[in-house]
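Below is one structure, written out as structure tokens; comments come after it.
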Number of protein chains: 2
Amino acid sequence: MDNGLPITLDPEPRQGAQAIRRALFLLRVLAAGGESGLPLKEVVQATRLSRPTVHRIIHVLMEEGLVERHERSGRYAIGTQVPELALARPSRSPLLAAADDILRETSQRVGDTLFLTVRTGNDTLCVDRRIGSYPIQVLSIAIGARRPLGVSSAGVAILAALPAQESRRIAATNEPRFAGYRTDRQTVLSEIADARRRGYGVREVGLVQGTKSISTWIKTADGTPAAALTISAVRTRLGPRREQEVVETLLKAAYEVEQKIR
Amino acid sequence: MDNGLPITLDPEPRQGAQAIRRALFLLRVLAAGGESGLPLKEVVQATRLSRPTVHRIIHVLMEEGLVERHERSGRYAIGTQVPELALARPSRSPLLAAADDILRETSQRVGDTLFLTVRTGNDTLCVDRRIGSYPIQVLSIAIGARRPLGVSSAGVAILAALPAQESRRIAATNEPRFAGYRTDRQTVLSEIADARRRGYGVREVGLVQGTKSISTWIKTADGTPAAALTISAVRTRLGPRREQEVVETLLKAAYEVEQKIR
DNA sequence: CGGTTATTGTCCACATTATGGACAATGGAT
DNA sequence: ATCCATTGTCCATAATGTGGACAATAACCG
């Protein structure tokens with residue numbers, strides 16, 4: 001696969017921090033659990049770590065305030081310290097700022113809900129959502145929703161925009177988590193291939209019954225995908241003809257965002 | 001010191017996570033560096049860890065996206081992943097919601113800038129700020145500003161509201177960081193004692209020349225301090241007589257917040 | 001410029017730390 | 001009252017993370 005081009009490969013990861021890496025991975029898994037959090041068991045399954053290890057790390061994170069445990073349910077979730085640490089950063093990322101106007105205009109034009117989704121590690125994260133004017137809107141994904149790369153059309157689009165090698169690596173890494181979303185590695189890999197061929201990602205069978213999603217990718221100057229732009233609607237609203245129209249609109253919008261963030 | 005009362009002592013901290021604890025401590029130190037971040041050297045000083053250890057951990061955190069390095073300055077700062085993790089939580093804490101109206105009314109009444117500051121670990125963190133109507137306002141502290149407990153009037157107030165044992169422990173822990181704020185443990189301890197006697201914290205010599213701050217504490221139902229309510233103004237605006245008036249207003253506002261969060 | 005210092009980065013022998021198998025406790029469910 | 005599912009704890013042991021010593025830059029300066 002080495003074609004001599006200056007592809008930026010990740011330098012071999014630094015050693016001597018297994019525990020820290022594990023803890024951060026745990027945090028991301030917990031983040032995927034959102035406000036309601038996850039029971040220990042699911043965290044163990046998603047991480048493929050031993051239960052004692054997960055237990056120990058999660059309790060240390062609790063002592064440190066990065067994780068909370070819900071009184072009633074016993075589920076573990078992201079704690080108050082995390083947003084507190086986040087205050088050290090400017091409130092709005094360049095991407096969000098750049099996409100703001102474009103999202104508004106585009107969602108008005110197409111009438112359906114638009115999502116802006118970024119990649120964060122091996123996950124997708126919904127960072128903005130604009131509701132359209134059509135009376136039936138797909139709102140299943142909220143801002144902050146996090147899923148393994150590959151299980152949503154946005155995730156597939158982002159994987160399709162990555163070098164094949166890396167997308168395969170991520171699909172392999174996320175494999176243990178796919179079961180929870182009723183998919184598997186083979187399916188994801190073929191969806192990625194489809195998306196590469198088409199130039200955009202599609203999901204006929206959304207996580208919500210009867211919905212369909214289409215995603216285009218947004219690349220940074222160096223060619224790595226920065227985000228995905230997704231439209232979701234009830235399936236009947238995205239038949240072949242309209243799919244073409246909508247895709248054109250999305251591609252144009254994605255291109256505009258790309259220009260703004262350079 | 002054991003008087004038989006059911007004082008909640010921290011259970012002995014869990015073992016087997018030295019590295020994780022260190023990494024989180026590093027994150028908090030970096031958070032104190034705000035947007036501009038800190039050079040490695042200062043992180044080393046603040047943490048009292050060996051330089052190789054800090055270096056290794058910080059670079060792992062960079063690989064994981066929790067820390068960024070500024071291109072120009074080479075300083076390390078909190079990275080994009082942190083706010084991304086924070087999206088897993090509801091946007092607004094109960095405290096902020098409860099304090100919202102009260103802060104607005106109170107800042108209108110007194111005319112000077114009000115700050116709402118919480119304790120997070122061994123730090124204070126400014127989580128809200130309301131600017132008053134008087135033409136000279138002290139704005140030195142921004143939302144997100146983080147300092148070791150003890151160096152601001154808010155920090156002193158919170159320490160004063162904690163059990164003596166714990167406030168002493170924190171003052172000792174933070175000692176290495178005090179130098180950077182031109183204070184020391186002895187001074188802090190005596191300020192805490194003063195605040196306990198008075199019922200509120202005062203700082204005649206603010207971090208900014210010629211300003212003065214007064215802080216009252218806000219306690220949760222279980223008696224632990226949840227936050228501090230601070231007024232800052234140019235010193236001449238807080239002479240003895242007005243100090244009394246302002247303190248009464250602050251105490252009343254703090255009491256109202258306390259009622260709301262129970 | 002060459003030289004000096006301040007800061008950041010790397011290496012690796014070694015001791016401490018973190019690991020996970022096995023066992024215990026808790027708490028619903030029936 | 002008994003069972004099953006889930007969470008919690010222990011501890012011998014291997015592997016991980018540590019920090020002293022050395023190296024490489026970057027910043028400063030005459």
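In what follows, chains are A, B, ... by sequence order, proteins preceding strands, each numbered from 1.
Distances shown here put a side-chain N or O of A:Tyr76 below 4.0 Å from the OP1 or OP2 atom of D:dG8. For B:His55 and C:dG9, the shortest distance from a side-chain N or O to OP1 or OP2 is below 4.0 Å.
For B:Ala179, the side chain to side chain contact (heavy atoms under 4.5 Å, CB included) criterion is met by no residue, not counting sequence neighbours. Considering only residues two or more places apart in sequence or on other chains, B:Glu35 meets the salt bridge (charged side-chain N to carboxylate O under 4.0 Å, His left out) condition with none of them. With sequence neighbours left out, B:Arg129 forms a side chain to side chain donor-acceptor pair (under 3.5 Å) with no residue at all. Every residue two or more places apart in sequence or in another chain that forms a salt bridge (charged side-chain N to carboxylate O under 4.0 Å, His left out) with B:Arg185 is listed here: B:Glu175. With sequence neighbours left out, B:Thr124 forms a side chain to side chain donor-acceptor pair (under 3.5 Å) with no residue at all. Scanning for salt bridge (charged side-chain N to carboxylate O under 4.0 Å, His left out) contacts around A:Arg119 gives A:Glu166, with sequence neighbours left out. Checked against salt bridge (charged side-chain N to carboxylate O under 4.0 Å, His left out), A:Glu64 has the following partners two or more places apart in sequence or in another chain: B:Arg21, B:Arg28.
In this entry the distance linking NZ of B:Lys41 with C1' of C:dT8 reads 12 Å, nearest Å. Across the protein-nucleic acid pair, B:Glu42 atom CD and C:dT7 atom C1' stand 12 Å apart, rounded to whole Å. Rounded to an integer number of Å, the gap from NE2 of B:His70 to P of D:dA26 is 19 Å. Whole-Å rounding puts the B:Arg72 CZ to C:dT7 P distance at 20 Å. Distance A:Ile58 CD1 to D:dT9 P: 13 Å, rounded to the nearest Å. Here D:dA26 presents its C1' atom at 14 Å from CG of B:Leu40, a figure rounded to the nearest Å. Look at CD on B:Glu63: it is 13 Å from P on C:dG9, rounded to the nearest Å.
Here the CG atom belonging to A:Leu162 is positioned 8.5 Å from the CD1 atom belonging to A:Ile192, to the nearest 0.5 angstrom. A distance of 7.0 Å separates OG1 of A:Thr220 from CZ of A:Arg262, quoted to the nearest 0.5 Å.
For B:Ile57, taking side-chain heavy atoms from C-beta onward, the closest of the listed nucleotides D:dT18, C:dT19, C:dT7 is D:dT18.
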Listed pairs, N/O of protein and of nucleotides 14-18 of chain C, under 3.5 Å:
{"unit_1": "C:dT17", "atom_1": "OP1", "unit_2": "B:Gln18", "atom_2": "NE2", "d": "3.0"}
{"unit_1": "C:dA18", "atom_1": "OP1", "unit_2": "B:Gln18", "atom_2": "N", "d": "2.8"}
{"unit_1": "C:dA18", "atom_1": "OP1", "unit_2": "B:Ala19", "atom_2": "N", "d": "2.6"}
{"unit_1": "C:dA18", "atom_1": "OP2", "unit_2": "B:Ala17", "atom_2": "N", "d": "2.7"}
{"unit_1": "C:dA18", "atom_1": "OP2", "unit_2": "B:Gln18", "atom_2": "N", "d": "2.6"}

Sort me out a list of protein N/O and nucleotides 22-30 of chain C N/O pairs below 3.5 Å, or just none if empty.
none

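Formation of a donor-acceptor pair under 3.5 Å by the A:Asp123 side chain with backbone atoms of A:Arg146 is not found in this model. The closest donor-acceptor contact from the side chain of B:Arg203 to the backbone of B:Ser153 lies at 3.5 Å or more, if one exists at all. In this structure a side-chain-to-backbone donor-acceptor pair under 3.5 Å is missing from B:Asn122 to B:Asn174.
Contact check of residues 24-34 of chain B against DNA chain C (heavy atom, cut-off under 4.0 Å) returns no residues at all.
B:Arg75 comes within 4.0 angstrom of nothing in the nucleic acid, heavy atoms only.
Two residues, B:Ser50 and A:Pro39, neighbour DNA chain D, and the one matched to the more 5' nucleotide by heavy-atom proximity is A:Pro39.
More than 12 heavy atoms of other shown residues, nucleotides or ligands fall within 6.0 angstrom of atom CD in A:Gln259.
Axis angle across the helix from C:dC1-D:dG30 to C:dT30-D:dA1, with five pairs used at each end and values rounded to 10°: 50°.
The ring pair (Phe, Tyr, Trp, His ring centres under 6.0 Å) analysis of residues 39-69 of chain B, with sequence neighbours excluded, yields the pairs B:His55-B:His59, B:His59-B:Tyr76.
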